[in-house]
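Worth knowing before you read on, the calculation uses all heavy atoms, side chains too, and leaves out hydrogens, waters and symmetry mates. Position 1 is the first residue of the sequence; numbering continues from there.
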Amino acid sequence: MREGRSIVLIAVTSGLMSVMLAVAVNVATGGTLPGPLSGASWLAWPAVAVLAAIAVTLAILQQTPGPKDPPPVARSVPRELPAAVTTFAGKSDLAAANRVLADGCRVLAVAGPPGAGKSTLALHIAHERRHLFPDGELFTTLRGADADPVAPEEVLARFLDRLGVPEDERRGGLDDLAARYRSAVADRQMLIVLDNAHDAAQVRPLLPGGPGCLVIITSRRLIADLPHAVSHPLGGLDHADARELFVRAAGDSRVDDDPAGVDRIVELCGGLPLAVRIAAARLKARPAWSPSHLADRLVDERRRLTELEHEDLAVRSSFEASYRELSEEDRLVFRRAGSHPGRVFGPAAATALAGLDEEVTSASLERLVDMHLVESPAPDRYRLHDLLRLFAMGRLADEEPAYTPASYLDWLAAHVRTEERENVVAGARHAVAAGEYEAAWRIVTATHPLLTDSADHPDRLALWREAAVAAKELGDEARRARALRWVSSATRNAGEVTRALEPAAEAMAIAERLDDRAALAEALTVYGECLRDLSRFDDARAALERAVDLFMELGDVDEEVGARVALGTLFNTMWQPELAAPVLERARELMHSAQDHRRAWTLLGLATAYRFTGRRAEAIALNDEALALARDGNDRFAYGHGLIGRGWLAFDERRYDDATRDMRAALEIFDQIQHGLGVGLAHEAVAEVAYAAGHPHDTIAACDAAIRQFERLRDRIRSGRSRLLRALALTDLDRDDEARTEWRAAEALLGDTPLPDVPRRRETLQERLEGF
């Protein structure tokens, strides 16, 4: 400014001198001055000389160059990235983000639930790519989950300062600041990380306009309406990545000594990186703990969130910040959704829990999805991460201590046909836990008629166990006897015959006490089936014959058919087809409909009886008819046994390949429907066919599989039979010492069992292993 004033002064002085010189020259050359000044005319020429000298000097000064302009100020190159976490483990998310960036993305919006590792991923990406941005990096935390997120004007003012913009240009409104910011970075290549953003309105003014910058945004809610942004939703880590994160963060040899404990911890943390890091920090801070000890502490859902706290880190605090952002309506839907007993639910179930209009509830759920507090694995399907569910349940207990699930359980009992089976089972369990015993009974009895598939026994077992507890708590012995009958039946259908015996016996005792003949007959039937499967044939026959007599007295034809099928199957198992045939023929006569679910079983039993008595053509026809009925009725259990029956018919004709094919097909079915006894029987049948075909190695392999299954089921008799067959196969391979050992093991299991094929096999082994 001083330089400017000097120039103006010189210019003004020069102008005045020019005027005075002109006057002096005029007087010197004959001009006159006004009267009062005429006496000074003689000074004209000296004045001309002086003024001319001054004018020349001013002219020289005007032409002299001023001081040079100062050199341009160097650009500010900010380097603001915080240090990256060294134990980063989100490899799959990193790879996905890098693919997006490789395609030219310039705004990457990483969104995810609290504790999902959004900031960790963003910083990891930023540090990997910082060398691509020579003009520096800007970083800010926008505190989007706080009650008062950072204003974009505040961020812009700080960014402008870091970019070297003069102070007087860092003032003004949002639009002015945003425009100056865009101008400041327009020709720069910069990396900008905006961490923990609140919404699009907060972020939009912070986006540069030029193509040379990369912006990485993290937020707890999905920010979809940003120009040129690509969203990357972040979920939990898979088991392998979460385990790697825990091991690296713990950095302790204890994790190598207790891998099972580490796996349990990772599973209980649900793949949430924050939870995994806190668990690792807790283990590191407790030298006397093993991973299994920490896992045991995390198992208790009531204290899991409390256990996941260490110093200034806490999973609960992270969830609290997001919860505070919600409206009262969304908080209500969230905490009550946390009480849903299943893993996945729909808007109707959430509406029953929340007690709101379904449209209101659905809109709230979608907002919660945007906030990443609820996940949506499919359209109109929702779920909560395990730790968020625990947090929601905690908020429900604190804020609504009087809340009960009664309205939801009533809704569930009315919608068991349309609701997922898993949710129905979980609902019954939830009802019992909440003391809503009548609701639990209604749910079970409404669901039971729908359990018609042969693979339904796991659900049937779970439901009737809850019903038995509910009946006991209600003091209703009649209902408890009914529940125990179905517990026994479902347990036996799962192949767990030994465990099925006790509830059947208890149901019989209750029915005897109540003098309830119908309940007694039902319990006797399932009890007799259990005894039959345990090779206690005499006791089984007595129970089943008594059941048939009771049903005949009661006039209950349907249940009589079931008891007759069970009795006929027993006679076939005892190799007494002459007794089985008339019992099963009477059962067929009593059938009300060709579609009766017991018809296939009746025909299978008759086919077996006819096969044993030489009525081969009838056996083939009946077995084929049973297979068709089972296939049409989607009864996979009966179909599997029909395949085994057809295999035995092929076996009789020495069509061993066909027999093996049917046996293995049956094995696959029993595997699918989780029928343990069926799996064992199919392996046993494969072994029998292989032995007859002269394949001792295949026989041994199939026997080993059968033995493992029977031992798991605690079925000593069938395990002993398979060991006898295995001993025979070992003798075919001249491995007599092994065969003797196997025979001893078989005898310890079989005892004096009355199975008719056992003495024949003993005699064969005695002949081959003389001196045993």
Side-chain angles (χ1 to χ4, degrees), residues 82-97 110 112-125 127-128 218 234-322 338 343 372 375 383-394 712:
V85 176
T86 57
T87 54
F88 176 77
K91 296 176 182 176
S92 57
D93 284 306
L94 178 61
V110 180
K118 302 177 292 295
S119 300
T120 301
L121 175 64
L123 287 175
H124 200 84
I125 294 170
H127 277 279
E128 277 194 347
T218 72
L234 198 63
L237 300 174
D238 62 27
H239 184 83
D241 282 349
R243 195 182 195 286
E244 179 186 352
L245 174 60
F246 181 87
V247 170
R248 292 173 60 190
D252 195 299
S253 61
R254 286 174 288 171
V255 300
D256 298 324
D257 299 334
D258 188 6
V262 172
D263 287 336
R264 288 173 60 208
I265 291 171
V266 168
E267 185 175 348
L268 291 166
C269 289
L272 195 70
L274 176 62
V276 174
R277 291 182 191 280
I278 292 173
R282 290 211 69 197
L283 182 66
K284 200 170 185 177
R286 301 291 190 277
W289 289 7
S290 68
S292 288
H293 179 81
L294 177 57
D296 291 341
R297 296 175 70 94
L298 292 173
V299 165
D300 188 347
E301 291 189 345
R302 296 168 298 178
R303 53 186 284 185
R304 189 178 304 167
L305 291 178
T306 302
E307 291 292 336
L308 290 173
E309 296 179 3
H310 182 70
E311 295 182 350
D312 62 337
L313 295 177
V315 171
R316 182 185 281 108
S317 299
S318 181
F319 294 164
E320 280 283 3
S322 291
R343 294 187 59 82
H372 291 278
E375 301 172 14
R383 68 185 176 204
L384 274 69
H385 185 282
D386 281 350
L387 295 179
L388 278 165
R389 177 180 58 82
L390 296 179
F391 173 75
M393 291 171 62
R712 186 185 70 80

Check against salt bridge (Lys or Arg N to Asp or Glu O under 4.0 Å), R248 and E244
CA-CA 6 Å; R248 292 173 60 190; E244 179 186 352; 3.5 Å; yes
Between OG1 of T218 and CG of L234, what distance do you get to the nearest 0.5 Å?
10.0 Å
Over all atoms of both residues, closest heavy-atom pair of L388 and H372
CD1-O, 4.0 Å
Locate the shortest heavy-atom distance separating A242 from G271; write the atom from each residue and the value.
CB-CA, 4.3 Å
What distance separates L305 CG from S318 OG, expressed to the nearest 0.5 Å?
11.0 Å
Quick one: pull up CD1 in I278 and SG in C269 and give me the separation to the nearest 0.5 Å.
8.5 Å
In terms of side-chain geometry, is the basic nitrogen of E301 or R389 positioned less than 4.0 Å from the acidic oxygen of its partner?
yes
Step through the shown structure and confirm whether more than 12 heavy atoms of other residues, nucleotides or ligands are within 6.0 Å of CD on E267.
no
Would you please test H124 and L94 for side chain to side chain contact (heavy atoms under 4.5 Å, CB included) and show each step?
CA-CA 8 Å; H124 200 84; L94 178 61; 3.6 Å; yes
For a side chain to side chain contact (heavy atoms under 4.5 Å, CB included) check, start with the C-alpha distance between L237 and V276, then their side-chain angles and the critical distance, and finish with the verdict.
CA-CA 10 Å; L237 300 174; V276 174; 5.5 Å; no
Do V255 and L283 have side chains that approach each other closer than 4.5 Å (heavy atoms only, starting at C-beta)?
yes
Does a salt bridge link D263 with R243, judged by any charged N lying under 4.0 Å from a carboxylate O?
yes
Taking the side chain as everything from C-beta on, heavy atoms only, tell me whether L387 gets closer than 4.5 Å to L308.
yes
Going by heavy atoms in the side chains, are L274 and P114 under 4.5 Å from each other?
no
State, without any angle test, whether D258 and H293 hold a side-chain donor-acceptor pair at a distance under 3.5 Å.
no
Is there side-chain contact between R297 and W289, with heavy atoms separated by less than 4.5 Å?
yes
Mind checking whether D296 and R264 have side chains closer than 4.5 Å, heavy atoms only?
yes
Residue that, paired with D300, satisfies side chain to side chain donor-acceptor pair (under 3.5 Å) out of R304, R302, R303
R302
Please find the pair of heavy atoms, one from A392 and one from G338, that lie closest to each other, and give the distance.
CB-CA, 3.8 Å
Check the pair L121, I125 against side chain to side chain contact (heavy atoms under 4.5 Å, CB included), reporting the backbone distance first and the verdict last.
CA-CA 6 Å; L121 175 64; I125 294 170; 3.9 Å; yes
Is there a donor-acceptor pair closer than 3.5 Å between any side-chain N or O of R282 and the backbone N or O of E307?
yes
Which heavy-atom pair separates P82 from L123 by the least distance, and what is that distance?
CD-CD2, 3.7 Å
P273 and T120, any side-chain heavy atoms less than 4.5 Å apart:
no
Looking only at atom types and distance, does a side-chain atom of K284 sit under 3.5 Å from a main-chain N or O of A279, one as donor and one as acceptor?
no
Ionic contact status for D386 with R343, cut-off 4.0 Å:
yes
Side-chain touch L384/F391, heavy atoms, less than 4.5 angstrom:
no
Side chains of S290 and L294, heavy atoms from C-beta outward: is any pair under 4.5 Å?
no
